[in-house]
Amino acid sequence: MTATLTTPPPAAAVPVKRRMPVWARSMIIAGIAVLLLSISGYVAEAPDLTSSGAFGAALRLAVPIGLAGLGGLYSERAGVVNIGLEGMMTMGTWFAGWAGWHWGPWAAIAFGALGGAMGALLHAVATVTFGVNHIVSGVAINILAVGFTRYLAEEVFVGVSGASASLSPPVDGTLPKFSMPILSGGWGTPDVLGWFEKQDWFFVSDIAGLLKGLTSDLSAATIIAILLVPFTAYLLWRTAFGLRLRSCGEKPAAADSLGVNVYRMKYIAVVISGALAGFGGATLVLEAGRFREGQTANRGFLGLAAMIFGNWRPGGTAAGAGLFGYASALELRSAESVRALLLFAALLLGLGALWFGYRKKFRTTIWFGVAAAATFLAYLSKPLWVWDQWLYEKPLEIDTRIVFMTPYLVTLLVLAFASQRLRMPAADGVVWRKGEAT
Amino acid sequence: MGRKILYAIAAPVIAAVIALAIGAIVLIASGKNPAEVYSEMVDYLMSWDSLVATLNRTGWFYVAGVAVAIGFKMNLFNIGVDGQYRLAAVCAAAAGAAMNGWSIPGVLQITLIIIVAMAVGGAYAAIPGALKVKRGVNEVVATIMLNSIATGITALMLARHWRDPESELVRQTRQIDERAWLPTIDIQGSELQAWVFFAAAIGVIFYILVYRTRFGFDLRVSGMNPAAARSSGVNPNAMVMKTIVLSGIVAGLIGMGPLLNEFHQYADQFPITLGFTGISVALLGRNSPVGIAFGALVFAGIERASQILNTLEPPVPQSIGRILQGVILIVAVIVYEVVRRYAEAATVREAAAKAEARYAHKEAEVVA
């Protein structure tokens with residue numbers, strides 16, 4: 001009897017999978033990405049792929065997307081799906097254009113956030129107080145925001161010189177810009193990273209390009225946006241307020257039973273969400289120097305995509321926004337870069353295939369292998385363009401429009417292949433009424 | 001039953017009144033006289049020209065509303081109707097132009113164009129359907145992404161393949177031959193588009209399909225109570241797939257009104273947000289065949305009526321119409337929800353009162 005009774009193995013004996021800290025893993029991933037990029041850049045003869053200019057542009061383009069994504073994060077962590085981000089961002093652009101015209105760039109940011117928050121308040125009233133389906137309300141807000149900003153623009157900007165119904169007068173002044181001292185030559189110090197970048201050393205110069213792009217010529221709004229990422233992580237995961245907010249998105253009934261005012265929490269989260277989306281809209285206005293109709297161009301939706309790509313986490317959201325920003329930056333810069341990007345994608349997919357082979361997930365390996373081969377063929381033989389030339393006798397050229405679709409395709413792929421690993425808040429999108437059990 | 005009808009009518013009326021009031025506030029805030037603006041709008045609408053133009057637009061909006069409503073009926077949010085119809089429209093326009101050289105009768109060309117549109121719309125909708133069924137991807141996010149991808153594909157194909165070689169400045173497809181234009185009917189000098197009748201036919205088919213067939217029953221049950229549907233033998237995955245593809249097929253038809261009856265080519269001025277208008281009118285009409293028609297009529301009427309505003313003295317921004325549309329929409333969805341709750345609570349109260357009465361009656365018997 002006693003012989004068969006065995007004590008359970010001590011807890012220490014259970015193999016604990018030691019994971020690297022997040023920052024170390026992100027550094028390694030970033031390093032591999034830059035390595036692949038520099039290989040692609042050298043092979044495809046597109047040095048712009050890793051230039052500080054490209055990374056700087058990527059950062060500028062990523063900021064509005066990332067801000068919208070962070071906004072979505074607050075709202076969805078509290079359980080309110082926010083398809084209305086696009087509309088809130090649109091509101092932000094108008095208010096930023098108007099306030100910037102009168103009182104300068106800082107007012108533009110403040111009023112942009114305010115405009116977004118107003119749209120968000122409407123979303124909160126509809127979804128939290130009245131229990132309207134979140135998607136329905138979000139779609140309605142997007143439609144309303146377009147009409148509302150158009151009306152305001154026609155009312156306020158028509159008749160002002162240099163402005164029209166779809167264009168505000170220019171913003172009065174610009175935000176200060178900073179470069180990191182010593183590293184990127186801020187405040188008259190030597191530009192170390194710039195020197196490394198000019199040496200054209202494989203990998204080293206590429207890393208320097210990345211770092212210089214991320215540390216030079218940053219506008220104050222960009223710096224605030226970057227700081228908002230760790231701040232959000234701290235606020236939502238390290239404070240009582242954050243725990244309460246997230247509990248409303250996981251199990252509102254439980255939060256309610258512990259004395260959390262779920263409605264108020266959701267209101268706060270949604271309004272913050274809109275304010276951030278509006279801030280994102282304001283950065284677009286400041287970047288362009290004025291409000292323009294249709295300025296958001298789906299960036300609110302891209303923010304949503306970045307948030308999903310980032311698995312409803314601030315760091316991941318920022319990474320997604322950076323990726324999307326980088327793709328759009330290359331689209332704007334040169335056709336060679338776009339072609340090199342195809343090679344990069346092929347390398348990445350090939351690496352993915354190896355990884356899944358190592359993990360013995362052979363079906364996924366085959367999928368990735370096929371995708372890698374197809375992308376590589378696209379890079380090599382440029383079938384689309386060859387076909388074009390044969391059909392229309394046009395000169396061979398690469399269409400940068402393909403890159404326009406990259407962020408959306410990447411998001412779809414991530415959703416398709418990683419949807420099991422993505423974990424959205426459990427009660428996200430659920431209309432909850434006080435007194436209900438679930 | 002009578003009360004049900006009362007609720008069904010009361011909700012949109014309340015929504016309309018509130019929306020008009022909010023519109024009036026916006027107008028007063030910008031120094032206009034709302035009574036004057038509204039009466040000018042109504043006056044302008046009351047002419048043959050305006051009525052026919054409104055009907056034409058109603059036809060476009062109605063089909064869009066039906067496409068969206070099919071998905072909404074089973075709580076499937078096909079936000080991608082917009083991308084599906086734009087892609088279908090550009091493909092159909094290119095195919096139609098390519099058929100100009102064929103020696104076929106116009107009716108056949110029209111039929112082929114419509115088939116191309118339906119096939120493209122359905123196929124493009126199958127992507128989010130497959131992603132949802134096979135990989136559990138949320139259809140809202142997938143279709144939002146696919147809307148933007150459709151924009152990219154459209155721009156790419158229009159720029160490189162299907163562009164009219166004779167138009168240097170504008171990116172547009174070649175015009176479809178006149179034999180494949182849908183006719184218009186002359187009413188007091190205004191042209192009523194034949195598409196309006198197609199739209200009505202689509203509405204009838206939608207009604208029969210949803211309310212008079214087994215498929216429609218399964219569809220509605222899946223929307224109202226997925227668990228009940230599953231236990232009564234409905235395969236939820238097959239249902240999702242069928243529904244979203246059907247929604248996409250109808251989405252493909254949205255562009256046929258503008259294409260065959262007005263523009264005859266895919267060009268810059270081709271309407272590009274009909275999918276979202278469809279969402280609005282479907283929500284406004286609560287996904288019912290008749291309700292959507294009213295929703296479409298209201299949106300089309302506002303659009304037409306606001307065209308007069310620029311010509312007023314002093315001019316009023318035309319976009320007050322857009323605000324009215326948006327406000328009506330958001331107020332309507334809120335009012336519908338409130339009225340639904342109220343009706344539900346009233347039903348519960350009534351049942352409770354009835355039960356109590358019966359109990360009291362029994363108690364009285366016992367006492368006696």
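As the structure is a prediction and not an experimental result, all values here were calculated from the model. Proteins come first, then strands; the chains are lettered A, B, ... in the order of their sequence lines, and each starts at number 1.
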Within this structure, what is the [atom1]-[atom2] distance for the pair [X] and [Y], rounded to the nearest 0.5 Å?
X        : Y        : atom1 : atom2 : answer
B/Thr151 : A/Asn298 : OG1   : CG    : 6.5 Å
A/Ile143 : B/Phe299 : CD1   : CZ    : 6.5 Å
B/Met145 : A/Ile308 : CE    : CD1   : 6.0 Å
B/Arg322 : A/Thr149 : CZ    : OG1   : 8.5 Å

What part of [X] is in contact with chain A, defined as an atom under 4.5 angstrom from a non-hydrogen atom: side chain, backbone, both or neither?
X        : result
B/Leu131 : side chain
B/Val333 : both
B/Ile149 : both
B/Ile279 : side chain
B/Arg341 : side chain
B/Ile334 : both

Could you walk me through whether B/Lys32 and A/Glu155 pass the salt bridge (charged side-chain N to carboxylate O under 4.0 Å, His left out) check? CA-CA 11 Å; B/Lys32 314 280 191 309; A/Glu155 262 305 295; 2.9 Å; yes
For B/Ala343, what residues pass the side-chain contact (heavy atoms from CB on, under 4.5 Å) criterion, not counting sequence neighbours? B/Tyr7
Mind checking which of residues 131-138 of chain A sit less than 4.5 Å from chain B, heavy atom to heavy atom? A/Gly131, A/Val132, A/Asn133, A/Ile135, A/Val136, A/Ser137
Among B/Val140, B/Val141, B/Ile79, whose side chain to side chain contact (heavy atoms under 4.5 Å, CB included) with A/Ile83 holds? B/Val140
Exercise: identify the closest heavy-atom pair between A/Glu154 and B/Ser319: OE2-OG, 3.0 Å
Among [options], which has the most heavy-atom pairs under 4.5 Å with chain A?
options                                : answer
B/Ala142, B/Gly321, B/Ser148, B/Ala332 : B/Ser148
B/Asn138, B/Asn147, B/Ile153           : B/Ile153
B/Val26, B/Leu146, B/Thr273            : B/Val26
B/Val327, B/Leu283, B/Val316           : B/Leu283

Would you say the side chain of B/Ser30 lies within less than 4.5 Å of the side chain of A/Tyr151, judging by non-hydrogen atoms? yes
Minimum side-chain heavy-atom gap B/Ile330-A/Ile141 below 4.5 Å: yes
Under 4.5 Å from any heavy atom of chain B, what part of A/Leu152 do you find: side chain, backbone, both or neither? neither
Under 4.5 Å from any heavy atom of chain B, what part of A/Val146 do you find: side chain, backbone, both or neither? both
Within a 6.0 Å radius of atom CD1 on B/Ile272, are there more than 12 heavy atoms belonging to other residues, nucleotides or ligands? no
I'd like to know whether CZ of B/Arg286 has more than 12 heavy-atom contacts from other residues, nucleotides or ligands below 6.0 angstrom. yes
